[in-house]
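So the structure is just underneath, and the comments pick up after that.
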Amino acid sequence: MSKGIPKRSEDYSAWYNEIVKRAGLAENSPVRGCMIIKPYGFAIWEKMQKALDDMFKATGHQNAYFPLFVPKSFLEKEEEHAEGFAKECAVVTHYRLKVNPDGKGLIVDDNSELEEPLIIRPTSETVIWNAYRNWIQSWRDLPILINQWGNVVRWEMRTRLFLRTSEFLWQEGHTAHATEQEAIEETERMLGVYSTFAEDWMALPVVQGLKTETERFAGAVETYCIEALMQDGKALQAGTSHFLGQNFAKVFDVKFVNQDNEQTYPWATSWGLSTRMVGALIMAHSDDNGLVLPPKLAPIQVVIVPIYRDDADLPKIAEKVGPIVKELEDRGISVKFDDDDKYKPGWKFAEYELKGVPVRLGIGMRDLENGTIEVARRDELSKETRPMEGIADHIEGLLEEIQQSLYDRALAFREENTFSVDNWDDFKAQIEKGGFVAAHWDGTVETEAKIKEETKATIRLIPLNSIEETGECVYTRNPSAKRVIFARAY
RNA sequence: CGGGGUGUAGCGCAGCCUGGUAGCGCGCACCGUUCGGGACGGUGAGGCCGGAGGUUCAAAUCCUCUCACCCCGACCA
């Protein structure tokens, strides 16, 4: 049993913070709003990166790197984009400090003011499209399929580890295409990649859809997103993919000659997914005993804890464990044999539970005599004693089972917490209770704003697969063609 | 920026109201016994009580000012 983690049911927010700290994922930094990602947390992010990067490569993308600094004039070019990000930009105005002549410390050297301020990128559309001007001449240069792994800064008023930090790590894909159709297909393809990642790797069921005008990315023609439901009934945007039309091509004067020898603007997309997903992972599966990780993203999938009284027994156990470790590793399973004698088994059990290691094996002298091994699974907190014979096969299957089981559980939770609501009183009551609320909406920005004002719920998305169904707007009773998903969100 | 809270040992906290030589738990170091769900005993190290000023014979404690962080809201991935 874990010591001193607040209960999810009593204080979700405190529970979340404790998991992040106690599992060694991240901690606060001296700079407000920024976080220190610790090795274990970063290992999870690296697993995410690897899975995504492979999928990006498999869909024809290449990685590149663009600078951290964006000239202010670049950011200004696309009007909506500029307005959208203006409020949260860190600005570099000087390039030098000097020793304070009046005493100790350093002060900004006034003689080092930049002619043009540099913005620390909140996203990279502008620098990238400025570069694309030189990269794109002919239809033969297209498509350009680039992804970048990096950091961005959005000066947030209020932050939470992983979920919203002023600086965060992410990937941003930026593509250019000859036709509108091709760009839209790319936007949808990458949304599909994100969905697959969320569901197959994170064991997190998501709904795919479109953002409303209000929630759309600043500068996009259309924003697609995936939304997931967290255990406290709040929604979390898990990834976004934008169809940018020709907006950035036009303002950066990027043109190409098409097959009919005409000067044409290319069509753009951009798509991103961030370290916020580590937060999503925690909130989706973890429990009052700590983190619960899906096997596919767990830095350690199997931990083996030796149990012995006499120091002389450890080598005997180790001898038996060696081949098991090898057999598991040969199957691509990451294993840790924790033979550290500074901690005792009970402590280790609790520790690996806190860290969400999917499978724990316990092996002691009793097992050596009986040819058995104890197998414990983190998701169900259950354990059983099994024959050592064929244990690798069993574990391989068990990891798959756990991965699937976490997904099934999360899906069942989402289904139990998705409600169709048709009148305003029910709507308000349900939003208060939490969950996804599917309701009719008259399609106007005004109604959306009023609903948000009165209930704090926003339209998370207009689902892609929603069935056409005529109805009346839950707020205005005006006609509506389909339901949209409302929720309170992170 | 509003509202609430907290700064005392590495971590978590008590002490403050009612000023009088800074304490508890965890962790840490060493010794011994332990080891199948966060072991136990013994010994020991560790703190200008967030910062500045004031009141007082005397301030962690009272007063003023400041800084930082956390939580709730407005902004947002």
Side-chain angles (χ1 to χ4, degrees), chain A residues 1-6 11-14 16-18 21-22 27-34 83-89 122-123 151-172 194 211 214-218 223 225-228 235-242 270-280 289-290 305-311 313-314 317 339-354 360-370 372-376 381 383 385 452-453 456 458 460 488-490:
Chain A
M1 284 292 120
S2 60
K3 284 194 289 197
I5 297 182
D11 190 341
Y12 196 80
S13 180
Y16 175 84
N17 289 334
E18 275 304 300
K21 280 180 206 153
R22 299 273 293 272
E27 60 191 38
N28 285 306
S29 81
V31 180
R32 186 187 147 73
C34 294
E83 271 178 37
F85 285 104
K87 307 178 293 299
E88 47 186 13
C89 286
T123 179
N151 57 341
V152 287
V153 169
R154 297 180 186 175
W155 212 266
E156 299 290 346
M157 292 173 181
R158 199 170 140 236
T159 58
R160 303 190 62 189
L161 294 172
F162 290 113
L163 296 176
R164 173 162 293 107
T165 45
S166 288
E167 179 192 13
F168 56 91
L169 306 185
W170 75 343
Q171 59 66 218
E172 46 180 326
Y194 287 160
K211 284 295 187 193
T214 322
E215 301 274 325
R216 195 144 63 206
F217 175 75
T223 288
C225 66
I226 51 173
E227 289 280 330
L236 183 124
Q237 179 174 305
T240 49
S241 184
H242 315 291
S270 70
W271 25 275
L273 187 147
S274 74
T275 37
R276 168 179 249 206
M277 290 309 257
V278 177
N289 292 299
V305 178
I307 296 139
Y308 58 97
R309 231 167 293 248
D310 192 335
D311 282 350
D313 291 339
L314 180 58
I317 294 170
D339 59 355
D340 188 338
D341 65 357
K342 291 194 290 295
Y343 296 99
K344 293 192 312 196
W347 189 90
K348 290 176 183 175
F349 293 171
E351 183 65 13
Y352 291 111
E353 226 154 67
L354 187 60
R360 187 190 70 233
L361 302 180
I363 178 164
M365 296 314 285
R366 203 160 69 208
D367 293 303
L368 292 192
E369 283 162 29
N370 303 336
T372 57
I373 192 160
E374 185 184 80
V375 181
L381 290 169
K383 58 185 179 184
T385 300
K452 183 179 179 186
E453 204 181 299
K456 291 180 194 143
T458 49
R460 298 320 302 155
R488 286 189 183 152
Y490 276 100

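Side chains included, hydrogens not; waters and symmetry mates left out as well; all remaining heavy atoms used. A, B, ... follow the sequence lines: proteins, then strands. Residue 1 opens every chain. The structure displayed is predicted, hence computed values, not measured ones.
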Earlier contact from the 5' end, RNA chain B, for A/Thr275 and A/Val31: A/Val31
Between B/A59 and B/G3 - C1' atom distance, rounded Å: 31 Å
Touch class at under 4.0 angstrom, heavy-atom based, for A/Arg360 against every strand present: base
B/C49 to B/U8 separation - C1' atoms, rounded to the nearest Å: 4 Å
Side chain of A/Lys344 (C-beta onward), nearest among B/G38, B/G36, B/A39: B/A39
Toward the 5' end of RNA chain B, by each residue's nearest nucleotide, A/Ser166 or A/Lys348: A/Lys348
Row check, A/Phe168 ring normal vs A/Arg276 NZ/CZ: under 6.0 Å, within 45°: no
Crowding at CH2, A/Trp347 (>12 non-hydrogen neighbours, <6.0 Å): yes
Non-hydrogen side-chain atoms of A/Asp310 and A/Tyr308 separated by less than 4.5 Å: no
Sugar-phosphate only, base, or nothing, as touched by A/Arg366 at under 4.0 Å among non-hydrogen atoms: base
Side chain of A/Arg154 (C-beta onward), nearest among B/G36, B/C28, B/A77: B/A77
Heavy-atom check, side chain of A/Leu273 versus side chain of A/Gln171, under 4.5 Å: yes
Whole-Å P distance, B/C28 and B/A77: 44 Å
Nearest-neighbour nucleotide for the A/Ile307 side chain, B/A74, B/C35, B/G38 considered: B/C35
Heavy-atom side-chain contact between A/Glu353 and A/Leu381 under 4.5 Å: yes
Selected nucleotide, minimal atom distance to A/Glu156 side chain, candidates B/G36, B/G38, B/C75: B/C75
Nucleotide nearest A/Met157 (side chain, heavy atoms from C-beta), chosen from B/C75, B/A77, B/G38: B/C75
Distance between C1' atoms of B/G25 and B/G19 (Å, rounded): 27 Å
Candidates B/G37, B/C35, B/A77 - which lies nearest the side chain of A/Lys383: B/G37
Sugar-phosphate, base or nothing in reach of A/Ser274, heavy atoms under 4.0 Å: base
Any A/Arg32 side-chain N or O less than 4.0 Å from OP1/OP2 of B/C70: yes
Integer-rounded Å distance: B/G36 C1' and A/Asp313 CG: 13 Å
Sugar-phosphate only, base, or nothing, as touched by A/Phe168 at under 4.0 Å among non-hydrogen atoms: base
Which nucleotide in B/A77, B/G36, B/G37 has an atom nearest any side-chain atom of A/Pro345: B/G36
Pair assignment for B/U61, Watson-Crick or G-U wobble, requiring both distances under 3.5 Å: none
Mutual orientation of the aromatic rings belonging to A/Tyr194 and A/Trp271 [parallel < 30°, tilted 30-60°, perpendicular > 60°]: perpendicular
C1' spacing across the pair B/G50 / B/A9, given as an integer number of angstrom: 15 Å
Listed nucleotide nearest any side-chain atom of A/Lys87, set B/G38, B/C75, B/G37: B/C75
Contact check, side chains of A/Leu163 and A/Leu236, non-hydrogen atoms, under 4.5 Å: yes
Sugar-phosphate only, base, or nothing, as touched by A/Thr385 at under 4.0 Å among non-hydrogen atoms: nothing
Complementary nucleotide of B/A74, counting Watson-Crick and G-U pairs under 3.5 Å: none
Nearest-angstrom distance, P atom, B/C24 to B/U43: 13 Å
Under 4.0 angstrom between A/Asn17 side-chain N/O and B/C70 OP1 or OP2: no
Under-3.5 Å donor-acceptor pair between A/Arg309 side chain and B/G36 base: no
Identified pairing partner of B/G36, criterion: Watson-Crick or G-U wobble below 3.5 Å: none
Between B/C11 and B/U55 - P atom distance, rounded Å: 34 Å
OP1 or OP2 of B/C70 under 4.0 Å from side-chain N/O of A/Asn28: yes
Complement of B/G7, any strand, by Watson-Crick or G-U distances under 3.5 angstrom: B/C67
Watson-Crick or G-U counterpart of B/A29, or none if no pair lies under 3.5 Å: B/U43
Residue matched to B/C16 through Watson-Crick or wobble contacts both under 3.5 angstrom: none
A/Leu368 side chain reached by A/Arg366 side chain, heavy atoms, under 4.5 Å: no
Sugar-phosphate only, base, or nothing, as touched by A/Leu273 at under 4.0 Å among non-hydrogen atoms: nothing
